[in-house]
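Only one structure is covered here, and it is reproduced in the block below.
Residues: numbered from 1 along the sequence shown.
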Amino acid sequence: MAAPVTLPFAFSERSTVGIEWEVALVDADSGDLRQAAQAIFAAVQPPDGSEHPHITSELLLNTVEVSSGKCRTVGEAGADLQRALDEVAAAARPLRIELMGAGTHPFANWAHQRVTDKQRYATLIDRTQWWGRQMLIYGVHVHVGVEDRDKVLPLSRAMLTVFPHIQSLSASSPFWGGKDTGYASNRALLFQQLPTAGLPPQFERWEQLEQYVGDMVHTGVIDQVNEVRWDIRPSPRFGTLEMRIADGAASLLEVTAISAFTHCLVEHFSSMIDAGEPLPTMPPWFVQENKWRSARYGMDAIVITDAAGAEELVTDSVSRWLVELAPVAERLGCAAELEQVRTILRRGASYQRQRAVARRNAGELEPVVRSLVAELAAGRPL
């Protein structure tokens with residue numbers, strides 16, 4: 001057995017929140033992707049030549065990630081995102097580039113996308129080949145501060161029981177390479193093809209995580225812990241639990257709504273630990289099935305809600321959760337953002353709105369891009 005890798009868990013105040021949102025750069029005329037991230041970064045770079053704290057690169061040159069700082073509330077994090085987004089939009093405008101939020105681009109060809117010139121990305125593509133080059137996908141990641149390392153793994157296991165709720169609400173990747181895949185979130189199933197991606201193991205003890213990382217480093221699968229790309233993962237460097245479940249969001253309203261829902265769930269389960277109450281868990285086979293169902297059917301998914309195998313329409317389950325989480329949202333100062341989840345329930349998730357635009361335009365997908373660009377600019381579903 002390989003030596004475990006010691007993973008010190010940084011101190012973080014309880015239920016602080018940080019959000020990362022990957023957005024696509026699209027051509028204002030054709031709607032296709034533009035490989036222009038470097039030009040954007042040059043335009044927004046601080047005068048001292050340092051990297052922008054809230055605007056960073058991702059795997060592909062068609063992508064810019066905007067992020068918040070460590071915040072007390074989702075609203076505060078959303079304001080950080082909006083400021084960063086405004087900077088990116090101002091830099092993009094003279095280049096005839098617009099910003100688009102979704103889990104995938106409706107018609108872009110993955111084979112035409114260029115990789116950011118960083119060693120870790122080159123290594124990833126060299127190792128993963130065809131599947132690595134397929135990663136023309138965008139996500140939203142929500143970090144929630146955890147004040148005690150002993151809470152991290154129980155919280156991760158509990159969050160797996162509500163995984164499909166977040167995935168269904170955020171599903172925004174029905175199209176791939178110009179075709180309707182039949183899935184609400186094609187991104188969810190694409191991304192898990194990478195080594196160390198997908199659902200996390202349900203570890204009981206921190207030492208098991210350290211042994212896992214040690215084994216992966218020893219066998220050359222990863223060089224460092226941040227190359228573990230699970231859908232839910234501990235982030236020892238920040239002292240957070242990072243939820244990487246959500247597809248790229250079409251608008252700031254959806255980013256903050258889904259983040260508030262996530263934030264409240266973590267705090268709710270953390271309070272259960274404090275009260276000595278057992279957290280919900282689910283067998284791995286139910287968790288795996290729920291991921292597939294929500295990826296395939298989105299808001300129409302019938303999800304498994306407990307270890308006994310009870311089932312419920314995901315939108316009904318979300319509605320019940322919104323009532324239960326209302327006091328938590330008041331405590332966290334995100335009641336307004338949590339309430340916006342009802343807007344998604346009412347208007348439909350992004351994948352549903354995208355398909356509706358395609359239907360109205362005889363299956364043409366350029367109008368879908370236009371609608372996504374318009375939603376991001378408006379900050380809400382249209």
Side-chain angles (χ1 to χ4, degrees), residues 21-33 85 98-110 136-140 164-190 245-259 261 292-303 313-319 322 337 339-382:
W21 180 14
E22 296 165 356
V23 296
L25 305 173
V26 300
D27 187 82
D29 301 305
S30 69
D32 205 347
L33 288 169
L85 209 58
E98 293 172 316
L99 307 182
M100 184 202 87
T104 54
H105 186 284
F107 63 80
N109 186 328
W110 62 268
L136 182 50
I137 53 177
Y138 310 88
V140 171
H165 304 63
I166 297 168
Q167 188 169 274
S168 292
L169 287 167
S170 69
S172 61
S173 49
F175 300 108
W176 177 256
K179 305 286 187 196
D180 190 325
T181 64
Y183 282 77
S185 175
N186 189 49
R187 167 192 167 272
L189 302 186
L190 263 173
I245 303 162
D247 272 6
S251 67
L252 187 64
L253 179 146
E254 287 162 287
V255 171
T256 54
I258 289 159
S259 297
F261 186 57
W292 185 85
R293 288 186 189 186
S294 62
R296 169 66 178 87
Y297 300 109
M299 303 281 263
D300 294 319
I302 306 291
V303 297
L313 180 65
V314 71
T315 48
D316 290 345
S317 190
V318 167
S319 296
L322 291 178
E337 288 82 8
E339 189 62 23
Q340 298 284 19
V341 172
R342 296 189 192 280
T343 301
I344 302 173
L345 294 175
R346 190 171 63 250
R347 299 294 306 274
S350 176
Y351 79 91
Q352 293 171 307
R353 303 195 305 273
Q354 290 180 50
R355 282 188 174 133
V357 172
R359 281 196 301 273
R360 291 196 297 270
N361 289 275
E364 290 294 318
L365 296 183
E366 195 177 320
V368 176
V369 174
R370 301 276 169 237
S371 71
L372 288 166
V373 166
E375 288 195 352
L376 192 141
R380 58 184 173 79
L382 295 174

Nearest heavy-atom approach of Trp110 to Leu136 is CA-CD2, 3.7 Å
Is any side-chain heavy atom of Phe107 closer than 4.5 Å to a side-chain heavy atom of Asp32? yes
Audit row: Glu98, Leu376, side chain to side chain contact (heavy atoms under 4.5 Å, CB included) steps and yes/no: CA-CA 10 Å; Glu98 293 172 316; Leu376 192 141; over 6 Å; no
To the nearest 0.5 Å, tell me how far Ile245 CD1 sits from Gln167 CD. 7.5 Å
Measuring from atom CE of Met299 to atom CG of Leu313, what distance do you get when rounded to the nearest 0.5 angstrom? 9.0 Å
Would you say that Leu33 contacts Asp27 through its side chain, given a criterion of any heavy-atom pair below 4.5 Å between the two side chains? no
Sequence-distant partners of Arg342, salt bridge (Lys or Arg N to Asp or Glu O under 4.0 Å), two or more places apart: Glu339
Between the main-chain N or O of Val368 and the side-chain N or O of Gln354, is there a donor-acceptor pair closer than 3.5 Å? no
Are the side chain of Tyr183 and the backbone N or O of Ala188 linked by a donor-acceptor pair below 3.5 Å? no
Among Thr256, Leu322, Ile258, which residue meets the side-chain contact (heavy atoms from CB on, under 4.5 Å) test with Val341? Leu322
Does the side chain of Val369 reach to within under 4.5 Å of the side chain of His105, using non-hydrogen atoms? yes
Give me the atom names and distance for the closest heavy-atom approach of Leu372 to Ser350. CD2-OG, 3.9 Å
Between side-chain atoms of residues 246-254 and protein atoms elsewhere (two or more places apart, or another chain), which donor-acceptor pairs fall under 3.5 Å?
residue	atom	partner	partner atom	Å
Asp247	OD1	Ser185	OG	3.0
Asp247	OD1	Arg187	NH1	3.2
Asp247	OD2	Ser172	N	2.8
Asp247	OD2	Ser173	N	3.4
Asp247	OD2	Ser173	OG	2.8
Asp247	OD2	Ser185	OG	3.2
Ser251	OG	Glu254	N	3.4
Ser251	OG	Glu254	OE1	2.8
Glu254	OE1	Ser251	N	3.4
Glu254	OE1	Arg353	NH2	3.1
Glu254	OE2	Arg353	NH1	3.3
Glu254	OE2	Arg353	NH2	3.0

Can you label the angle between the His165 ring and the Phe261 ring as parallel, tilted or perpendicular, going by 30° and 60°? tilted
What are the two closest heavy atoms between Pro164 and Val303, and how far apart are they? CB-CG1, 3.7 Å
Taking it one step at a time, do Ile302 and Tyr297 satisfy side chain to side chain contact (heavy atoms under 4.5 Å, CB included)? CA-CA 8 Å; Ile302 306 291; Tyr297 300 109; over 6 Å; no
Can you check whether Val314 reaches Ser294 side chain to side chain, under 4.5 Å on heavy atoms? no
Within a strict 4.5 Å, meaning less than it, do heavy atoms of the Leu169 and Thr315 side chains meet? no
Are any non-hydrogen side-chain atoms of Pro381 and Gln352 less than 4.5 angstrom apart? no
From CG (Leu190) to CH2 (Trp176), nearest 0.5 Å: 5.0 Å
Please report, to 0.1 Å, the donor-acceptor pairs under 3.5 Å made by any side chain of residues 357-366, with sequence neighbours excluded.
residue	atom	partner	partner atom	Å
Asn361	ND2	Val357	O	2.8
Glu366	OE2	Arg370	NH2	3.1

